[in-house]
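Below you'll find the structure, written out as structure tokens, and then a few comments.
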Amino acid sequence: MAVKAVRGFKDILPGQSENWRAVEDVARDVFESFGLREIRTPVLEKTDVFVRGIGEHTDIVEKEMYTFPDRNGDSLTLRPEATAGVIRAAIEHKLYAESGTLKLFTMGPMFRHERPQKGRLRQFHQINVELLGTDSPLSDGEVIWMAWDVLHELGAQDLRLEVNSLGCPACRKEHRKDLNLYLEQVSPDLCPDCQRRSRTNPLRIFDCKNQRCREVMARAPLIKHHLCPGCSDHFGKVLDVLESVEIPFVINPYLVRGLDYYVRTTFEILASGLGAQNTVAAGGRYDGLVRSLGGPDIPGVGMAIGMERLLLLLDSPSSRMTTDIFVAALGREARDEVMPWIRDWRRMGFVVQMSYEEKSLKAQMKEANRLGAGYVLIVGEDELDREELILRDMKTKEQIAIPMDDVISRVENILNRGDE
RNA sequence: GUGGGCGUAGCUCAACGGUUAGAGCGUCGGGUUGUGGCCCCGGAGGCUGUGGGUUCGAUUCCCACCGCUCACCCCA
């Protein structure tokens with residue numbers, strides 16, 4: 001039995017990897033235009049980073065983490081999300097001391113032991129943004145703005161931005177009290193899942209898909225009625241940012257997040273055509289997180305884009321190999337002659353390929369065609385004798401003679417012309 | 001963790017329980033000297049996911065396991 005990849009772990013093959021890089025490039029450009037800098041943190045952290053960061057009683061921590069003992073007994077975990085690790089690094093290196101607001105982005109693989117399905121893998125990739133050290137609503141707005149811009153720039157269609165405010169711990173506490181009271185009354189009418197949720201994560205009941213639960217929860221006390229003046233004002237200003245840069249949104253008062261650290265602003269960008277896992281980007285504010293990881297009490301806001309989901313909805317075609325010039329050398333002598341030219345063109349940045357086998361010209365032409373060559377340089381005995389080579393334009397089928405003593409720069413010029 | 005669907009060539013898929021398991025695409029070779037794509041001809045490539053059972057005979061029917069996939073749950 002041949003070896004296979006681990007369940008839920010996927011290879012990114014040639015043809016697709018080019019699309020990955022294109023997406024990453026767009027994201028980098030967008031983030032840098034907002035003044036962010038890239039950080040890369042390890043995929044492995046002490047388990048405690050996530051337990052303290054994400055919250056002990058979240059599904060992620062309770063049943064989805066790849067956790068195992070290190071050889072010395074430390075409990076280690078493959079990161080299930082990026083924020084906790086980035087903040088750990090920021091604290092460890094005191095990055096927040098450098099400038100006013102620490103503006104970071106990162107991208108890479110995350111790991112969660114869930115049952116794979118469309119848009120959900122055990123190793124998946126995220127593009128993350130974290131802004132640390134400010135509680136200005138402008139920063140909330142910019143985080144959403146960045147997510148929107150990346151998706152927009154890539155041409156993603158049919159997006160819906162949903163926003164909500166969860167309030168600060170104070171208003172949450174009030175709301176929670178009211179909600180619990182209400183839930184006690186209606187508990188018998190809820191589905192078994194929601195009865196469990198009413199003890200573990202009551203906010204989740206709001207987005208239960210069960211029809212009866214929805215009806216019951218339609219009359220439940222909402223967070224927005226419990227926002228303190230500070231939170232209410234903050235939320236309003238976030239929405240102002242979105243309006244002023246013309247990002248369409250809807251307020252979803254039921255929107256909650258699965259990680260404990262979120263406060264105030266939360267948002268999700270949903271896309272059609274992703275199946276059941278239709279959130280392509282999401283994020284929010286996490287003011288208490290830095291402190292709970294042992295750092296100073298500084299606020300933060302961030303977001304994550306799901307790479308695989310994004311690529312799914314871009315429906316990027318598999319890219320083909322292209323070659324600037326294929327050098328068809330016939331015979332040993334020609335091969336030796338041609339090598340330094342190939343070296344020089346490659347150093348200039350052109351894609352130059354040749355056949356590794358001694359093959360007929362016909363076979364080499366076929367190979368050149370398969371490799372998507374724009375030009376083929378034919379070098380055989382006749383050409384060496386005449387000191388004049390043949391350059392074939394594969395598109396127009398035109399062939400021109402190139403004097404051998406000037407071949408490097410002549411071909412360079414022609415290839416550069418083709419670039420434009 | 002729970003349910004549904006599906007496992008046949010590198011890929012997409014055929015084959016009533018019955019000869020040697022096929023097709024398209026891809027790949028390799030050929031269609032006379034040193035010129036690609038299109039066309040024509042030919043070749044290679046399969047323990048039909050694995051193991052059992054029913055049957056004279058199983059790719060086909062049944063069971064188990066494994067894998068993939070979609071959904072629940074949860075989330076990016």
Side-chain angles (χ1 to χ4, degrees), chain A residues 1-2 4-8 10 13 15 54 58-64 79-83 107-129 147 151 191-194 196-197 200-201 204 207-210 255-259 262 267-271 274-284 302-313 318 323 326 328-331 334 355 357 359-383 390-399:
Chain A
M1 200 57 178
K4 292 174 90 173
V6 175
R7 180 174 170 79
K10 274 201 170 162
L13 303 174
I54 300 167
T58 55
D59 273 26
I60 293 178
V61 170
E62 277 181 349
K63 49 193 202 204
E64 295 174 3
R79 62 180 183 194
E81 55 99 52
T83 305
M107 37 185 82
M110 310 293 157
F111 306 85
R112 292 182 199 171
H113 192 112
E114 301 179 89
R115 195 78 171 262
Q117 70 184 75
K118 184 171 184 173
R120 188 171 76 186
L121 295 170
R122 288 183 174 179
Q123 184 191 96
F124 61 102
H125 296 74
Q126 283 187 347
I127 298 174
N128 282 79
V129 163
L151 301 179
C191 69
D193 273 339
C194 284
R196 173 180 55 79
R197 288 191 189 106
T200 56
N201 195 355
R204 274 278 156 208
D207 50 23
C208 180
K209 286 170 182 96
N210 185 296
L255 179 67
V256 295
R257 315 263 58 247
L259 290 70
Y262 285 109
F267 76 96
E268 249 177 56
I269 299 176
L270 303 109
L274 282 183
Q277 309 300 319
N278 60 351
T279 304
V280 65
M303 66 92 173
I305 298 174
M307 202 48 187
E308 284 82 356
R309 289 180 190 181
L310 176 52
L311 286 159
L312 220 50
L313 84 130
S318 185
T323 298
F326 184 94
L330 297 162
S355 181
E357 276 77 41
K359 291 204 284 200
S360 69
L361 181 59
K362 185 192 180 79
Q364 295 199 49
M365 292 299 293
K366 276 192 157 184
E367 190 175 356
N369 184 60
R370 214 183 38 243
L371 296 172
Y375 293 88
V376 174
L377 185 71
I378 298 168
V379 187
E381 275 175 44
D382 297 353
E383 287 76 15
I390 297 171
L391 184 70
R392 180 180 176 87
D393 182 328
M394 293 294 273
K395 218 183 244 150
T396 65
K397 299 166 125 174
E398 278 172 59
Q399 301 197 157

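A, B, ... follow the sequence lines: proteins, then strands. Residue 1 opens every chain. Bear in mind the structure is a predicted one, so any value in this text is a computation, not a measurement.
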Report task. Kindly point out which of B/G37, B/C28, B/C74 is positioned nearest to the side chain of A/N369? Result -> B/G37

Query raised in the report: Below 4.5 Å, heavy atoms only, C-beta onward: do A/M307 and A/M107 meet side chain to side chain?
Result: no

Query raised in the report: Taking the same atom, P, in B/C16 and in B/A58, what whole-Å distance lies between them?
Result: 16 Å

Query - Validation row: A/P109, A/R79 side chains within 4.5 angstrom (heavy atoms) - result: yes

Query raised in the report: Heavy-atom distance under 4.5 Å between the side chains of A/V376 and A/Q364, does that happen here?
Result: no

Query raised in the report: Does the side chain of A/E81 reach to within under 4.5 Å of the side chain of A/I54, using non-hydrogen atoms?
Result: yes

Query raised in the report: For A/L255 and A/F267, which heavy atoms make the closest approach, and how far apart are they?
Result: CD2-CA, 3.7 Å

Query raised in the report: CD/A/Q399 to OH/A/Y375 distance, rounded to the nearest 0.5 angstrom?
Result: 12.5 Å

Query raised in the report: Looking only at atom C1', what distance separates B/U35 and B/G45, rounded to whole Å?
Result: 29 Å

Query - Between B/A76 (P) and A/L313 (CG): distance, integer Å - result: 16 Å

Query raised in the report: Say you pick atom C1' in B/G46 and the same atom in B/G5; how far apart are they, in whole Å?
Result: 25 Å

Query - B/A9 and B/A21, which share atom name C1', separated by this distance in whole Å - result: 11 Å

Requested in this report: Using heavy atoms to find the nearest nucleotide of RNA chain B for A/G8 and A/E308 separately, return the residue whose nucleotide is more 5′.
Outcome: A/G8

For nucleotides 29-35 of chain B, which of its nitrogen or oxygen atoms have a protein nitrogen or oxygen under 3.5 Å away, and what is each distance?
from: B/G34; atom 1: O6; to: A/D382; atom 2: N; distance (Å): 3.0
from: B/G34; atom 1: O6; to: A/D382; atom 2: OD1; distance (Å): 3.1
from: B/G34; atom 1: O6; to: A/D382; atom 2: OD2; distance (Å): 2.8
from: B/G34; atom 1: O6; to: A/E383; atom 2: OE1; distance (Å): 3.4
from: B/G34; atom 1: N1; to: A/E383; atom 2: OE1; distance (Å): 2.8
from: B/G34; atom 1: N1; to: A/E383; atom 2: OE2; distance (Å): 2.9
from: B/G34; atom 1: N2; to: A/E383; atom 2: OE2; distance (Å): 2.7
from: B/U35; atom 1: O2; to: A/R392; atom 2: NH1; distance (Å): 3.4
from: B/U35; atom 1: O2; to: A/Q399; atom 2: OE1; distance (Å): 2.9
from: B/U35; atom 1: N3; to: A/Q399; atom 2: OE1; distance (Å): 2.8
from: B/U35; atom 1: N3; to: A/Q399; atom 2: NE2; distance (Å): 3.4
from: B/U35; atom 1: O4; to: A/Q399; atom 2: NE2; distance (Å): 3.4

Report summary line: Residues passing the side chain to side chain contact (heavy atoms under 4.5 Å, CB included) test with A/L313, sequence neighbours excluded, are A/A156, A/L159, A/A271, A/L274, A/V280, A/L310

Requested in this report: Report which part of the nucleic acid A/L311 touches: base, sugar-phosphate, or nothing (heavy-atom distance under 4.0 Å, all strands).
Outcome: nothing

Requested in this report: Take atom C1' in B/A14 and the same atom in B/U60, then report the distance between them in whole Å.
Outcome: 13 Å

Query raised in the report: Among side-chain atoms of A/T279 and A/E268, is any donor-acceptor pair under 3.5 angstrom?
Result: yes

Requested in this report: Take atom P in B/G1 and the same atom in B/G53, then report the distance between them in whole Å.
Outcome: 30 Å

Report task. Provide, to the nearest angstrom, the distance between the CD atom belonging to A/E64 and the P atom belonging to B/C73. Result -> 13 Å

Query raised in the report: Within this structure, what is the CG-to-C1' distance between A/L274 and B/C75, rounded to whole angstrom?
Result: 13 Å

Query - For atom NZ of A/K63 and atom C1' of B/C74, their distance in whole Å - result: 7 Å

**Report entry** Side chain to side chain, A/Q123 and A/K10, heavy atoms closer than 4.5 Å
**Finding:** no

Requested in this report: With the side chain counted from C-beta on, respond yes when A/R392 and A/K397 share a heavy-atom pair under 4.5 Å apart, and no when they do not.
Outcome: yes

Report task. Could you note down all residue pairs passing salt bridge (Lys or Arg N to Asp or Glu O under 4.0 Å) where residues 115-128 of chain A supplies at least one of them, sequence neighbours left out? Result -> A/E114-A/R120

Requested in this report: Could you tell me whether A/A281 contacts a base, only the sugar-phosphate backbone, or nothing, with contacts defined as non-hydrogen atoms closer than 4.0 Å?
Outcome: sugar-phosphate

Query raised in the report: Taking only residues two or more places apart in sequence or in another chain, which ones pass side chain to side chain contact (heavy atoms under 4.5 Å, CB included) with A/A276?
Result: A/Q117

Query raised in the report: So what is the 5' to 3' dot-bracket string for RNA chain B, if pairs are Watson-Crick or G-U wobble with both distances under 3.5 Å, crossing pairs use [ ] and | means the partner sits on another strand?
Result: (((((((..((((....[...)))).(((((.......))))).....(((((..]....))))))))))))....

Query raised in the report: Quick one: which of B/A76, B/U69, B/A71 gets closest to the side chain of A/R7?
Result: B/U69

**Report entry** Sugar-phosphate only, base, or nothing, as touched by A/G119 at under 4.0 Å among non-hydrogen atoms
**Finding:** base

Query - For atom CG of A/L312 and atom P of B/C70, their distance in whole Å - result: 9 Å

Requested in this report: Could you state the atom-to-atom distance from CE of A/M394 to P of B/G36 in whole Å?
Outcome: 9 Å

Query - Span that lies between the P atom of B/U69 and that of B/U8, in whole angstrom - result: 14 Å

Query - Nearest-Å distance for atom pair CD/C1', residues A/E367 and B/G36 - result: 11 Å

**Report entry** Side-chain heavy-atom pair A/R309, A/F124 within 4.5 angstrom cut-off
**Finding:** no

Query raised in the report: Of the residues in residues 108-117 of chain A, which ones touch RNA chain B at a heavy-atom distance under 4.0 Å?
Result: A/R112, A/E114, A/R115, A/Q117

Query raised in the report: Expressed in whole Å, how much space separates the P atoms belonging to B/G49 and B/C68?
Result: 16 Å

Query - Candidate nucleotides B/U69, B/A76, B/G37, ranked by approach to the side chain of A/K10 - the nearest - result: B/U69

Query raised in the report: Does A/R120 make a side-chain donor-acceptor contact with the base of B/C70, cut-off 3.5 Å?
Result: no

Query raised in the report: Expressed in angstrom and rounded to an integer, what is the separation of A/L255 atom CG from B/A76 atom C1'?
Result: 13 Å

